[in-house]
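Data first, discussion second: the structure below is written as structure tokens.
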Amino acid sequence: MLNMIEHGSTTDAPTLLIAHGLYGSARNWGVIAKRLGEARRVVAVDMRNHGESAWFETHSYPDMASDLADVIEAIGGPVDLLGHSMGGKAAMTLALTRAELVNRLIVADIAPVTYSHSQLPYIEAMKSVDLSGVERRSNAAPLLEAAVDNPTLVPFFLQSLDVAQRRWRLNLDVLAAEMPKIMSFPEVPGEFGAPTLFLSGETSDYVLPEHREVIKPRFPNARFMTLKGAGHWLHAEEPRAFVDVVGGWLERT
């Protein structure tokens, strides 16, 4: 079972389950989950090979969808499901294969397509940091900044650093080996006809107009919205607007 962090309490509204993206964790979503938890129960999970969840030798989307299904069956479903990036692909895979577990779907800045870029440089950056003398996260920051092309990502990565154990709470070797699967989208049949929101960052290039030709046949009840001023990490860059849009959509649908 995936590690879970719960916010809010059970109401008449369905539970909202949050699946984070690559290198993320349930803790990354704390602010968002607390605010959305004012109206409903919210459960954020650590995906496999991340955070406090177990490590496995595989990291495919069918694997991750199965993990989410186990959580939903344990906490009581169906749920409203929100997934960002990698978590969004896992959420889409679950919705397409186990639609009875998903009430509504929110996909944050990702499409059900294969991407040509890779996230391997960030794995190499984290591996390059000598953790032997690190006493606090601030000690590791300059070491990681020297190896990462986007300094705004450094605090995000450091949230997955276990300072006491001087280790990353990320199964970096498996994530590197499975990167082709993470960048792709599985060939799964079916469609998900329930309300679906594709919420993208205005400055992000992860969800392009041409992707709608792939999305609509699989998610015929999809609606598309853009979060102004935000990039791929839209929930971290514009958290208030993200909560307003997601919360408002859940109230209306």
Student check: side-chain heavy atoms of I5 and R27 closer than 4.5 Å: yes

NZ of K216: more than 12 outside heavy atoms within 6.0 angstrom? yes

Those residues at least two apart in sequence (or on a different chain) that pass side chain to side chain donor-acceptor pair (under 3.5 Å) with D63 are T58, S60

Measure from the side-chain N and O atoms of K89 to the backbone N and O of V113, and report whether any donor-acceptor pair falls under 3.5 Å. yes

Salt bridge (charged side-chain N to carboxylate O under 4.0 Å, His left out) against K127, all qualifying residues, sequence neighbours excluded: D173

What pairs of residues pass the side-chain hydrogen bond (donor to acceptor under 3.5 Å, both in side chains) test when at least one of them lies in residues 158-169, not counting sequence neighbours? N28-Q159, E52-R169, E135-R166

Residues 135-154 vs ring-ring contact (aromatic ring centres under 6.0 Å, His included), sequence neighbours excluded, gives none

Hits for salt bridge (charged side-chain N to carboxylate O under 4.0 Å, His left out) against E6, two or more places apart or cross-chain, chain-then-number order -> R41

Would you say the side-chain atoms of S53 pair up with the backbone N or O of N3, donor to acceptor, closer than 3.5 Å? yes

Where do L81 and A91 come nearest, in terms of heavy atoms and distance? CD2-CB, 3.5 Å

Using the salt bridge (charged side-chain N to carboxylate O under 4.0 Å, His left out) criterion, which residues pair with D80? Sequence neighbours excluded. R40, R104

Which distance, rounded to the nearest 0.5 Å, do you find between the CZ of F157 and the OH of Y23? 6.5 Å

Shared hydrophobic cluster, F224 / F185 (ILVMFWY, side-chain heavy atoms < 4.5 Å): yes

Looking only at atom types and distance, does a side-chain atom of D46 sit under 3.5 Å from a main-chain N or O of S25, one as donor and one as acceptor? no

Please identify each residue that fulfils side chain to side chain donor-acceptor pair (under 3.5 Å) with T15, with sequence neighbours left out. none

Apply the hydrophobic cluster definition, ILVMFWY joined by side-chain contacts under 4.5 Å directly or through others, and give me every member besides V246. L16, I18, W29, I32, L36, V42, L82, I106, L197, L199, M225, L227, L234, F242, V243, V245, W249, L250

Are I123 and M183 linked, directly or through other ILVMFWY residues, by side chains that come within less than 4.5 angstrom of each other? yes

Exceeds 12 heavy-atom contacts within 6.0 angstrom, atom CZ of R252: yes

Taking only residues at least two apart or on different chains, which pairs with a member in residues 138-150 satisfy side-chain hydrogen bond (donor to acceptor under 3.5 Å, both in side chains)? Y122-D149, N150-T152

Residues forming a ring-ring contact (aromatic ring centres under 6.0 Å, His included) with Y206, sequence neighbours excluded: Y115, H117, H232

May I ask you to check whether over 12 heavy atoms, not counting those of E57, lie within 6.0 Å of atom CD? no

Residues in ring-ring contact (aromatic ring centres under 6.0 Å, His included) contact with H50, at least two apart in sequence or another chain: H20, H59

Has E237 got a side-chain atom pairing as donor or acceptor with A230's backbone, closer than 3.5 angstrom? no

What are the two closest heavy atoms between S128 and A147, and how far apart are they? OG-CB, 3.7 Å

Between T196 (side chain) and A194 (backbone), is there a donor-acceptor pair under 3.5 Å? yes

Let me confirm one number: the CG-CD1 distance from L17 to I75, rounded to the nearest 0.5 Å. 5.5 Å

Within the supplied structure, the quantity of interest is the number of heavy atoms (other residues, nucleotides, ligands) at a distance under 6.0 Å from E210 CD; does it exceed 12? yes

N49 side chain to N171 backbone, donor-acceptor under 3.5 Å: no

Under a 4.0 Å threshold between the charged nitrogen and the carboxylate oxygen, would E73 count as salt-bridged to R98? yes

Which residues satisfy the salt bridge (charged side-chain N to carboxylate O under 4.0 Å, His left out) test with R218, sequence neighbours excluded? none

